[in-house]
Amino acid sequence: MAGPRTGGILRDLRWFGLGGRSDGEGGAGGILRDLRSLWRARWSLLTSGTGRERGMSTAEYAVGTIAACAFAALLFKVVTSPEVQEMITNLINRALNVAG
């Protein structure tokens, strides 16, 4: 059997097991159906394969920890800014005045 690149796209797809009937009557619908099933099978293998690793590796933990620390530092900087402190103080004062 000849490999890919020896003919048209239909012949190439049939060489890979796609393209509908072997007599060339599969048409574009058969090719699309075959491609959809190929992508579904590939996606299911990637998302739920038996050998798929679960969780994070040590490097991913390190990157995640650095990102969390950077976000915490940014949040701390925003909350301790004079403008935000003034807004929080005004909010608390209004809440206490309404309640009491």
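Numbers here are sequence positions counted from 1. This is a predicted model, so every value here is computed, not measured.
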Checking side chain to side chain contact (heavy atoms under 4.5 Å, CB included) against I92, which of N90, I88, T89 comes through?
I88
How long is the straight-line distance from CZ of R94 back to CG of L96, given to the nearest 0.5 Å?
11.5 Å
What residues form a side-chain contact (heavy atoms from CB on, under 4.5 Å) with T80, not counting sequence neighbours?
F76, Q85
Looking at residues at least two apart in the chain, or sitting in another chain, which of them share a side-chain contact (heavy atoms from CB on, under 4.5 Å) with L74?
none
